[in-house]
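Quick notes on the structure that follows.
Position 1 is the first residue of the sequence; numbering continues from there.
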Amino acid sequence: MPESIPPTAPRRDAVEELQLALREQQVILDTAGVGIVFIKNRLIVRCNQRFGQIFGHADAATIVGSTSQSLYPDKASAHTLAETAYPDMAQGLAFRSEVVMRRRDQTTFWAHLTGKLINPADPGEGSIWIIDDIDDQKAAQAQLQSVLTEQNLILDNAMIGIAFLRDRKVTRGNQRFETLLGYAPGELHGVSSRTWYLTEQDWIDATHRCYDPLAAGKTFEEEMVLRKKDGSPIHCAISAKAIDSNDLSLGSIWIGMDITARKKAENELLQARADLEKLVEVRTLELSRTVQALKNKAAEQKIAEAHIQRLAHFDALTGLPNRLLLNERCQQALNVAQRGHQSVALMFLDLDHFKNVNDSLGHRVGDEVLVELATRLKAAVRKQDTVSRLGGDEFILLLPDTDAPGAAHLAEKLLQAALQPILIEQHELTVTPSIGIALYPKDGTDLDTLSKSADAAMYRAKADGRNNYRFYTAQIQAHSDRVLLLDNALRRALERDQLALHYQPQISLISGQVIGAEALLRWTHPELGAISPVEFIPIAENNGLILPIGEWVMRTATQQLSTWMARGMAPITMAVNLSAVQFRLPNLPRLVSRILADAALPPQLLEIELTESVAMAHPLEAVAVMNEMHQRGVRMAIDDFGTGYSSLSYLKKFQVYKLKIDQSFVRDITEDTDDKTIVGAIISMASSLGLRTIAEGVETEEQLEFLRALGCHEAQGHYFSQPLPAPAFEDFVRQA
Ligand code: C2E
Ligand code: MG
Ligand code: MG
């Protein structure tokens with residue numbers, strides 16, 4: 001190392017000078033931080049202490065004399081180095097290299113070599129080498145390299161975007177960072193962070209916000225909306241940290257994560273929660289409304305129930321208890337009576353001919369009459385008595401603790417009360433009741449039996465002339481028993497062939513000829529014998545049997561006439577009685593036409609007898625039915641004429657062919673001038689309306705003469721003949 005030797009020194013003697021120089025040189029060698037060795041002829045000639053240390057010799061002197069090759073791991077590596085170094089060194093240049101060398105303990109290490117020939121012109125003079133142990137440095141370098149490699153691996157494979165910023169520009173960024181923002185690899189290198197902010201202001205604000213945490217060595221964390229290359233926004237979670245918080249100029253590392261999906265989910269969650277809340281709110285509202293509606297409904301229901309309760313127990317028109325309430329009260333009264341051995345009276349009250357009031361004056365007037373009557377009945381009874389209305393003009397009175405004399409007394413009182421005229425509009429009306437009385441326990445021990453008994457007694461009162469009262473008696477009992485018996489027997493009468501028709505001749509008072517027959521129903525029961533139609537027809541009307549029976553009558557009668565005519569009898573009319581129940585059948589006219597067609601009879605030969613009361617009960621409907629019958633060519637006659645209350649105006653409208661004068665007028669026509677006058681009036685009225693007249697129940701010659709004198713057209717009665725079985729009738733006609 002000639003350059004490190006001071007060029008000049010004070011001149012002393014040469015040996016002394018050399019000695020000094022060598023000592024100086026030794027100081028330099030010993031204090032130098034590097035190993036220095038002098039090699040000549042491939043042998044270590046001199047070295048400093050540091051060199052010895054590097055190669056593992058405590059005393060440098062112990063290595064002097066060793067071969068230079070011993071410093072290398074093997075012969076080959078020593079040789080390779082010599083060959084590599086030679087060209088530079090031969091030119092007098094310093095050779096520098098990093099090589100692996102070997103210590104005394106055979107371990108190898110990295111060293112930095114600098115070698116130079118002392119005299120490039122004569123390599124034999126030897127060379128000087130400076131050796132630096134760089135093993136630690138090498139290891140550190142390798143470590144750094146592996147850290148960097150790992151770092152790159154992390155960067156390249158991370159699922160999050162990572163960018164290194166310095167001076168707000170990208171110095172390094174992983175691929176994810178670029179794809180996150182929609183850029184191609186490398187596209188963001190050197191680009192300003194402004195690029196991915198939506199606005200300038202956003203960028204400036206973010207810079208301000210991150211300064212404090214970065215300078216404090218903390219992590220800046222925030223969720224922000226950044227801008228992608230195509231301008232679309234992206235939700236990112238950002239965290240940033242300074243590489244060195246003491247020197248922010250070294251830059252910072254930024255990590256970004258796409259949280260669009262999370263944000264979306266969060267927003268959806270928020271939305272869903274908001275929707276749910278809204279729904280809950282709406283449902284709650286609905287619910288409270290429903291609850292309110294239900295409450296209202298319940299309240300309404302209560303009112304309705306109370307109303308129904310009233311309806312259920314009271315009669316709407318008169319406000320009187322109805323049958324249901326009567327039932328309850330009767331139950332109580334009978335219980336009390338049973339315990340106290342008392343008598344209870346049950347009264348059935350029905351207005352006489354109330355139908356006429358309704359039909360002639362209208363239902364409104366009828367209703368007012370009932371309301372007025374109800375008031376009077378209530379006024380007449382005691383507090384503990386119950387006046388109930390069953391419907392129509394039927395009332396039941398329940399009189400606890402009342403015996404027969406008490407009941408009779410009240411009945412008289414009621415009849416009197418009813419008798420007072422009722423003033424409605426300009427009408428002055430009088431109604432009369434018929435009353436039937438049944439007593440507990442004699443006539444029944446329950447409401448059902450008692451009311452049946454009272455009902456039967458009431459019918460007796462009506463039969464006995466109305467406007468009076470009757471107690472239930474053994475006789476009435478027998479009657480109602482018989483009704484039950486006949487009702488049952490009648491149900492089998494048709495199929496058992498117990499019914500037959502008798503025919504009563506009708507005679508012309510002008511020609512004396514038989515011009516017609518009235519078919520009269522006969523019932524002969526094997527045990528009960530002959531039963532009058534007066535008795536069984538009302539029962540048949542009641543139980544509905546009148547319909548099949550009535551049809552049978554009409555069929556049998558028309559067929560009979562057809563048979564007679566086929567056998568040569570001159571045509572006569574066949575009169576058939578029709579019940580009110582049949583008259584109300586909607587298909588009656590069609591049925592009549594069919595029956596006539598089946599018997600092959602012209603309709604004019606059939607005469608239908610309808611009692612006056614039936615025709616007048618529903619005059620408007622009667623007009624319609626009669627019109628229809630008339631159109632079909634069937635003749636109509638009004639039976640028992642004079643007993644009802646025919647209004648002349650309706651009579652004009654009826655398509656009636658004949659009036660049948662009731663036998664009650666005929667009976668006394670010879671003695672009773674009233675009856676004679678009535679019959680005369682009927683006949684003249686009929687002739688003025690263009691109607692024919694027939695008198696029924698003619699029994700004597702005198703009666704006949706009277707009728708003839710009054711201008712009656714026809715007659716029928718025992719005077720001519722009883723009703724006859726068909727063969728006898730045939731004989732009668734032949735002999736006449
Ligand atoms: P009606 O239609 O007024 O019949 C006349 C009734 O007077 C008949 O009684 C007849 O036998 C009776 N009679 C006839 N001539 C005389 C007489 O000179 N003196 C007396 N005292 N009576 C006489 P009958 O047959 O007992 O019929 C009674 C009522 O039964 C009939 O009265 C009629 O309303 C009804 N009836 C009879 N057959 C039928 C029928 O087939 N259908 C319907 N719905 N009612 C019928
Ligand atoms: Mg008749
Ligand atoms: Mg009659």
Side-chain angles (χ1 to χ4, degrees), residues 278-339 344-351 354-355 357-359 361-402 410 414 417-418 422-425 427 429 431 433 440 446-452 454-455 458:
K278 184 96 197 133
L279 198 68
V280 167
E281 199 176 302
V282 168
R283 281 288 145 81
T284 309
L285 196 69
E286 270 173 20
L287 200 68
S288 70
R289 277 200 200 124
T290 310
V291 167
Q292 192 52 48
L294 280 176
K295 274 189 193 156
N296 293 348
K297 244 235 152 91
E300 276 169 28
Q301 188 111 345
K302 261 202 186 135
I303 294 169
E305 266 166 22
H307 186 63
I308 287 168
Q309 192 66 12
R310 239 204 105 66
L311 282 185
H313 287 98
F314 292 90
D315 167 47
L317 177 66
T318 60
L320 292 178
N322 63 9
R323 169 152 281 237
L324 198 71
L325 189 53
L326 172 73
N327 217 358
E328 288 170 16
R329 298 237 176 118
C330 189
Q331 199 60 52
Q332 286 167 12
L334 294 184
N335 286 343
V336 172
Q338 192 187 16
R339 268 179 264 133
V344 175
L346 196 80
M347 233 177 232
F348 229 91
L349 187 148
D350 186 287
L351 289 182
F354 180 67
K355 237 173 167 345
V357 175
N358 264 342
D359 291 342
L361 301 175
H363 282 273
R364 224 163 46 80
V365 174
D367 284 353
E368 284 193 43
V369 169
L370 293 175
V371 171
E372 173 59 24
L373 184 76
T375 314
R376 291 184 189 182
L377 295 181
K378 276 200 75 162
V381 300
R382 301 164 305 173
K383 226 180 84 200
Q384 65 266 41
D385 298 334
T386 299
V387 179
S388 67
R389 178 172 175 242
L390 296 193
D393 58 340
E394 288 185 340
F395 296 85
I396 288 187
L397 286 80
L398 173 72
L399 314 164
D401 198 13
T402 302
L410 179 63
L414 295 178
I422 301 171
L423 271 163
I424 296 164
E425 291 164 4
H427 307 286
L429 296 163
V431 288
Y440 168 89
D446 55 75
L447 177 61
D448 207 38
T449 320
L450 282 169
S451 56
K452 267 186 193 144
D455 192 35
M458 192 267 292

Expected list for residues 294-301: side-chain donor-acceptor pairs under 3.5 angstrom, two or more places apart:
unit_1 : atom_1 : unit_2 : atom_2 : d
Asn296 : OD1    : Gln292 : NE2    : 3.2

Filter on salt bridge (charged side-chain N to carboxylate O under 4.0 Å, His left out), then keep only pairs touching residues 392-401, sequence neighbours left out; what's left? none
For Leu346 and Tyr440, what are the C-alpha separation, side-chain angles and deciding distance, and is it a side-chain contact (heavy atoms from CB on, under 4.5 Å)? CA-CA 8 Å; Leu346 196 80; Tyr440 168 89; over 6 Å; no
Which heavy atom in Leu398 sits nearest to a heavy atom in Ala333, and how many Å separate them? CD2-CB, 4.2 Å
Leu370 to Gly392 - nearest heavy-atom pair and separation: CD1-O, 3.5 Å
Quick one: NZ on Lys355 to CG on Asn358, what's the gap to the nearest 0.5 Å? 7.5 Å
Report the residues that fulfil side-chain contact (heavy atoms from CB on, under 4.5 Å) with Arg382, sequence neighbours left out, ordered by chain and then residue number. Gln384, Asp385, Leu399, Pro400, Thr402
Quick test of your reading: applying salt bridge (charged side-chain N to carboxylate O under 4.0 Å, His left out), list the pairs with at least one residue in residues 284-293, sequence neighbours left out, ordered by first then second residue. Arg283-Glu286
Value for CG (Leu429) from CZ (Phe354), rounded to nearest 0.5 Å, stands at 9.5 Å
Could you walk me through whether Leu447 and Gln331 satisfy the side-chain contact (heavy atoms from CB on, under 4.5 Å) test, starting with their C-alpha distance in whole Å, then the side-chain angles of each, then the deciding distance to 0.1 Å, before giving a yes or no? CA-CA 8 Å; Leu447 177 61; Gln331 199 60 52; over 6 Å; no
So OG1 of Thr318 and CG of Leu373: to nearest 0.5 Å the spacing works out to 9.5 Å
Non-hydrogen atoms of Gly366 and Val357 that approach each other most closely: CA-CG1, 4.3 Å
Ile396/Met347 under side-chain contact (heavy atoms from CB on, under 4.5 Å): CA gap, chis, key distance, verdict: CA-CA 5 Å; Ile396 288 187; Met347 233 177 232; over 6 Å; no
Rounded distance (nearest 0.5 Å) linking atom CG of Asp315 with atom CG of Leu324: 13.0 Å
Identify, with sequence neighbours excluded, every residue that meets salt bridge (charged side-chain N to carboxylate O under 4.0 Å, His left out) alongside Arg323. none
Interatomic distance, Cys330 atom SG to Leu450 atom CG [nearest 0.5 angstrom]: 6.0 Å
How many angstroms lie between atom CG of Leu397 and atom CG of Leu410, to the nearest 0.5 angstrom? 6.5 Å
Side chains of Met458 and Leu349 in contact at under 4.5 Å (non-hydrogen atoms): no
Non-neighbouring partners of Leu325 that pass side-chain contact (heavy atoms from CB on, under 4.5 Å), sequence neighbours left out: His313, Phe314, Pro321, Asn322, Glu328, Arg329
For the pair Phe395 and Leu320, evaluate side-chain contact (heavy atoms from CB on, under 4.5 Å) and give the outcome as yes or no after the intermediate values. CA-CA 10 Å; Phe395 296 85; Leu320 292 178; 3.8 Å; yes
